[in-house]
Number of protein chains: 2
Amino acid sequence: MMTKPQRKNNPDAVRARLLECAARLIVDHGLPALTLENVAREAGVSKGGLLHHYPGKTALIDGLFEEVVDWFDARVEDVLESDENRQARFSRAYLRVVAAIDMSVPEEKRLAVLMLMLSSDPHYCARWNQWVEARLQRHAETDLTPIARTLRLAADGLWLSDLGGGPDSHTPVRREILAFLETLDATGARTSSRPHEGGQ
Amino acid sequence: MMTKPQRKNNPDAVRARLLECAARLIVDHGLPALTLENVAREAGVSKGGLLHHYPGKTALIDGLFEEVVDWFDARVEDVLESDENRQARFSRAYLRVVAAIDMSVPEEKRLAVLMLMLSSDPHYCARWNQWVEARLQRHAETDLTPIARTLRLAADGLWLSDLGGGPDSHTPVRREILAFLETLDATGARTSSRPHEGGQ
DNA sequence: TAAAACATACCGTCTGGACGGTTTTTATGC
DNA sequence: GCATAAAAACCGTCCAGACGGTATGTTTTA
């Protein structure tokens, strides 16, 4: 027997569905497709139902933003801990998480949402920068080198390419790039590993 | 005396002003600020006047897109030709152009528009990919290596960082990254320069 | 029975764009 | 040259639809 078969309403599931549908809408049809009506219809609730859970469009987007950031943060933390090499740990984890994203998996598509929100709204951009800089501060010993920064920069590029299906988003090419970047990481560690603080 | 002081109408100038104002509106206040009325007011014409030159909003955006791409293309071509080193010529030029962008110069701000359009609309994303792939095909001999791809990826990351004022957009850090990437370019050329075609 | 979880109906605003004018420029005939 | 017709440039108004949000119900859960 199921755990809760007699329960008709499941607000938590509805909220999750709302967020998921919002993400899918954005990724598949762009930001203008993110309307309250669309999200509600996709999630199988009425607009009133949606506004009950998220009192306004900004609340919905905020919820989506935080969920995606948390998801990304958790994955980075996970990859980070299972890495013995300390050199540029955070940035390498950052890159690996981005590289591991498979856009054909709807679950992972939602990260693309982040990219969209970042580039469109200065507000979320600032909040994202806050997250990055907090992590950068925590890993100041290992992730302030040019190599580390390059890894993250390349990750962002890969990320953007994924979003638009660019020439670098195809599996074989991407695999090669990744391999190169990991090599770069190893060699770069020897080349210039001095962490420099507070330039200027 | 001026060349054409007696001419009251100057449609070409109006069209240019329209595009410029559209770009500024997007960069300064985000995409939702791009309304026909706003653009028309900023450009000092009526909405009817705008619709005379660009029959519809999509036409306006299309015009803006093409102008910015052309601008970027011209600069890349320019940097490209004045580079004796053949290794990853196109990708290095791509990087240098992006790196040279000064967001405090309004003229160069408009490149940010491209980034916004790319990440928001799948349609323009495809058109951008078309451009990149065309250039990639033209420079197939030099720019299909992982290093070349990495340069462009990093450029995109830098670009995105510029748009949002991320931690890598500050001058000293950026300068360091750039220096590193140029070094990487030189060393990488020796490491693995074999062009591989048609993976899969 | 009170509150949470929904649905339905409705409203105000904004925006793209159609439409019919008016003025300016250009092309044409003489 | 010059009148004049035609085309291009431009303006102001109006409208239909979309969208965010409110207000008010109805059902389910605690």
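In what follows, every heavy atom counts, from backbone to side chain, and hydrogens, waters and symmetry copies are set aside. Numbers restart at 1 for each chain; the letters A, B, ... are given by sequence-line order, proteins then strands.
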Counting heavy atoms from C-beta on, name the nucleotide in dA7(C), dC6(C), dA9(D) closest to the side chain of Pro11(B). dA9(D)

Please classify the nucleic acid contact of Leu34(B) as base, sugar-phosphate, or nothing, using heavy-atom distances under 4.0 Å. sugar-phosphate

Could you check how far [atom1] of [X] sits from [atom2] of [N], rounded to whole Å?
| X | N | atom1 | atom2 | value |
| --- | --- | --- | --- | --- |
| Lys47(B) | dT15(C) | NZ | P | 9 Å |
| Leu51(A) | dT8(C) | CG | P | 15 Å |
| Leu36(B) | dG17(C) | CG | P | 6 Å |
| Asn10(B) | dT24(C) | CG | P | 15 Å |
| Lys57(B) | dG16(C) | NZ | P | 4 Å |
| Leu50(B) | dA9(D) | CG | P | 13 Å |
| Leu31(A) | dC19(D) | CG | P | 14 Å |
| His53(B) | dT24(C) | NE2 | C1' | 12 Å |

Distance-only side-chain donor-acceptor flag, Tyr54(B) / Asp62(B), under 3.5 Å: no

Consider only side-chain N and O atoms of Arg86(B) and Thr142(B), and report whether a donor and an acceptor are under 3.5 Å apart. no

Taking the six-membered ring for Trp and the full ring for Phe, Tyr or His, determine whether the centres of Phe72(B) and Trp131(B) are under 6.0 Å apart. yes

Would you call Glu42(A) and Arg17(A) a salt bridge, taking side-chain N to carboxylate O under 4.0 Å as the test? no

By nearest nucleotide on DNA chain C, pick out whichever of Glu37(A) and Val45(A) is the more 5' one. Val45(A)

Pairwise 5' ranking along DNA chain C for Asn38(B) and Gly49(A), keeping only the more 5' one: Gly49(A)

OP1 or OP2 of dC6(C) less than 4.0 angstrom from a side-chain nitrogen or oxygen of Asn9(A), does that happen here? yes

For dA7(C), take OP1 and OP2 only and decide whether either is under 4.0 Å from a side-chain N or O of His52(A). no

Select from Gly48(B) and Arg15(B) the residue whose nearest nucleotide in DNA chain D is closer to the 5' end of that strand. Arg15(B)

Trp159(A) vs Tyr94(A) aromatic rings, parallel, tilted or perpendicular, using cut-offs 30° and 60°? perpendicular

